[in-house]
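Throughout, protein chains are lettered first and strands after them, A, B, ... in sequence-line order, and every chain is numbered starting at 1.
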Number of protein chains: 4
Amino acid sequence: MLINIDLQANEPIYEQLKNQIMIRIARKELKPGDGLPSVRRFAADLGINLHTVNKAYQQLKQEGLILIHRQKGVVINPEIPSVDGEYEEKLTRSLRPLIAESACRGMSEAEFTSFCRQLFEQLTGEGDEN
Amino acid sequence: MLINIDLQANEPIYEQLKNQIMIRIARKELKPGDGLPSVRRFAADLGINLHTVNKAYQQLKQEGLILIHRQKGVVINPEIPSVDGEYEEKLTRSLRPLIAESACRGMSEAEFTSFCRQLFEQLTGEGDEN
Amino acid sequence: MLINIDLQANEPIYEQLKNQIMIRIARKELKPGDGLPSVRRFAADLGINLHTVNKAYQQLKQEGLILIHRQKGVVINPEIPSVDGEYEEKLTRSLRPLIAESACRGMSEAEFTSFCRQLFEQLTGEGDEN
Amino acid sequence: MLINIDLQANEPIYEQLKNQIMIRIARKELKPGDGLPSVRRFAADLGINLHTVNKAYQQLKQEGLILIHRQKGVVINPEIPSVDGEYEEKLTRSLRPLIAESACRGMSEAEFTSFCRQLFEQLTGEGDEN
DNA sequence: GTGGTCTAGACCACA
DNA sequence: GTGGTCTAGACCACG
């Protein structure tokens, strides 16, 4: 579990943690059923507070990406819920301002989607490195 | 200047303001050289704090989207700086977590880029719809 | 806002708080749009920690019962979401064990529903006292 | 004894066990005098900890639903105590928040009691369905 | 040992 | 002054 936390960043630590876990799931470095460290263990490893890890876990749990299992501890949900209307709405709200600013700066639709495609491949592709 | 501010949203008000102005620029409802209301005027119109409008303006200025003249007031920058490395970095940082979560939920690259394309068109095209 | 917190009870404090607020909404002592104290104020009044109040508020917000408003602070949601399938499921999960135990002890269906009816009236009825 | 334990659920395992046993009693699948597996046996069958089964049994015993004989093992109490004031109090404490939340969401008294009636029938009637 | 809860005290972004 | 975030340290229920 190589996770890099930037304590100086504006992004809250629990958000960084959430995002890096999601990236690892997308990249299949973390597979459904895989275990995650306990809050205490993870907090110690990362040098952050236990509550901060807990907050990240709680949110991932609520989004259906992980399960908090009474015996096995924390595991990646084997059945991550697929995209629904609610998620599309949320995604739209996040994406719209980014697209707007890019358009302001003269990016064309093709350039923007190509930029996304690149990032997507970079994130999920070459998954066999692990 | 029809601006909708949602005081309940998690998004800070100054961000909402920034985003809506950028959307209007992208949509060409606001064209280079067009004027924006004064801080005081805008704050009064929207029923929000003067400092909040000011914060949005300052950030838009720093990103090069608007110019603040001491006398002529606030205008859309006729020469909005195009995309540079710094902006691409910022965009990447924002986009990556969104892509990661979408990938986790089973969205394919094609679906994601198509989703973006749709939003892009909706935002820039047919600007008279809203 | 007369709220009684029992620090000795098994029920977590934030749950007690949540429940008492919901009871007051059901009883129309708190009406849509009414304000609730700030977390700090409420915590001081109740003699509990600010985070405990915050936890109760966050959960009420997520259930759609309150709004956390950027200016006005915390208010009762004017449009509390009505019962949906998800809520019915949750209600079923809570109710089933209670019904099962009551049935074990010989309560008939009529007795149980009558018991509920009484409680319901006691909770919502005589609402004009305020 | 088909018992389903959900290790991911928020509900403690011993509670799940207690509830499912009570449901089976209510449904007359378990009749007064019927035997239950020994703690060891049950724990092994369910793949859970021995202490967990024991905790469920102890609570059921204390509530008068089962008897634990040193020799004859565990049996359903032939004379389950009927509803008393203490139980009514406990039931009220559990029911009140559920009623309050339902009322908040616009459920009428009739709807709530009808919901309960349905659950009650489903639980006690037609016991051979599951 | 695990997560759940609570407390206390601190800093920051927002308005 | 408000909520949002983070830290630290503590106790308890659960398994």
Side-chain angles (χ1 to χ4, degrees), chain A residues 5 7-17 35-44 46-59 61 66-74, chain B residues 5 7-17 43 46-56, chain C residues 5 7-17 35-44 46-59 61 66-74, chain D residues 5 7-17 43 46-56:
Chain A
I5 297 298
L7 298 172
Q8 314 306 325
N10 285 326
E11 199 182 18
I13 297 176
Y14 77 93
E15 284 272 352
Q16 296 179 43
L17 191 49
L36 256 46
S38 76
V39 281
R40 285 181 165 77
R41 183 68 207 286
F42 216 172
L46 296 172
I48 61 178
N49 190 281
L50 138 181
H51 292 112
T52 309
V53 177
N54 193 45
K55 184 161 188 174
Y57 276 1
Q58 288 302 327
Q59 294 199 359
K61 171 188 166 188
I66 65 172
L67 298 175
I68 297 182
H69 197 286
R70 289 203 171 268
Q71 297 181 316
K72 287 185 277 180
V74 181
Chain B
I5 297 297
L7 296 169
Q8 275 108 48
N10 286 327
E11 201 181 18
I13 297 176
Y14 79 94
E15 283 269 354
Q16 294 181 43
L17 191 48
L46 297 171
I48 62 178
N49 193 296
L50 178 151
H51 298 99
T52 308
V53 177
N54 193 47
K55 181 158 190 175
Chain C
I5 297 297
L7 297 173
Q8 314 307 325
N10 285 325
E11 200 182 18
I13 298 177
Y14 76 93
E15 283 273 353
Q16 296 180 43
L17 191 48
L36 255 47
S38 77
V39 282
R40 285 181 165 75
R41 184 67 208 286
F42 216 173
L46 297 172
I48 61 177
N49 190 280
L50 138 180
H51 293 113
T52 308
V53 177
N54 193 45
K55 184 160 188 175
Y57 275 1
Q58 289 302 326
Q59 295 200 358
K61 171 186 167 189
I66 65 172
L67 298 174
I68 297 180
H69 198 287
R70 289 203 169 269
Q71 297 182 317
K72 287 186 277 181
V74 181
Chain D
I5 297 298
L7 296 170
Q8 276 109 45
N10 285 326
E11 200 182 18
I13 298 176
Y14 79 93
E15 284 269 353
Q16 295 181 42
L17 190 48
L46 297 171
I48 62 178
N49 193 297
L50 178 151
H51 298 100
T52 309
V53 177
N54 193 47
K55 183 159 190 175

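Not counting sequence neighbours, the partners of D:V53 by the side chain to side chain contact (heavy atoms under 4.5 Å, CB included) test are D:L17, D:V39, D:F42, D:A43, D:I48, D:Y57. The salt bridge (Lys or Arg N to Asp or Glu O under 4.0 Å) test applied to C:R40 returns no partner, not counting sequence neighbours. In this view, D:N10 and A:K61 satisfy the side chain to side chain donor-acceptor pair (under 3.5 Å) rule, not counting sequence neighbours. The side chain to side chain contact (heavy atoms under 4.5 Å, CB included) check on C:E15 picks up C:E11, C:P12, C:K18, C:N19, with sequence neighbours excluded. In this view, C:A9 and C:D6, C:Q16 satisfy the side chain to side chain contact (heavy atoms under 4.5 Å, CB included) rule, not counting sequence neighbours. In terms of the side chain to side chain donor-acceptor pair (under 3.5 Å) criterion, residue partners of C:N49 (sequence neighbours excluded) are, by chain and number, C:H51. When the side chain to side chain contact (heavy atoms under 4.5 Å, CB included) test is applied to A:K72, the partners found at least two apart in sequence or on another chain are A:H69, A:V75.
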Output a table of nitrogen or oxygen pairs between the protein and nucleotides 13-15 of chain E separated by less than 3.5 Å.
from, atom 1, to, atom 2, distance (Å)
E:dC14, OP1, B:Y14, OH, 3.1
E:dC14, OP2, B:Y14, OH, 3.4
E:dC14, OP2, B:K55, NZ, 2.7
E:dC14, O3', C:R70, NH1, 3.4
E:dA15, OP1, B:I13, N, 2.9
E:dA15, O3', C:Q71, NE2, 3.2

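In this structure, CD in A:Q59 is found 10.5 Å from CG in A:N54, a value given to the nearest 0.5 Å.
Each of C:L50 and A:Q58 lies near DNA chain E, and the nucleotide nearest A:Q58 is the one positioned closer to the 5' end. Each of A:I48 and C:Y57 was matched to the nucleotide of DNA chain F holding its nearest heavy atom; the match closer to the 5' end belongs to C:Y57.
Counting only Watson-Crick and G-U wobble pairs whose two distances sit under 3.5 Å, DNA chain F takes part in these stems of three or more pairs: E:1-14 with F:1-14.
Extent of DNA chain F lying under 4.0 Å from chain D heavy atoms, first and last nucleotide in 5' to 3' order, is F:dC14 to F:dG15.
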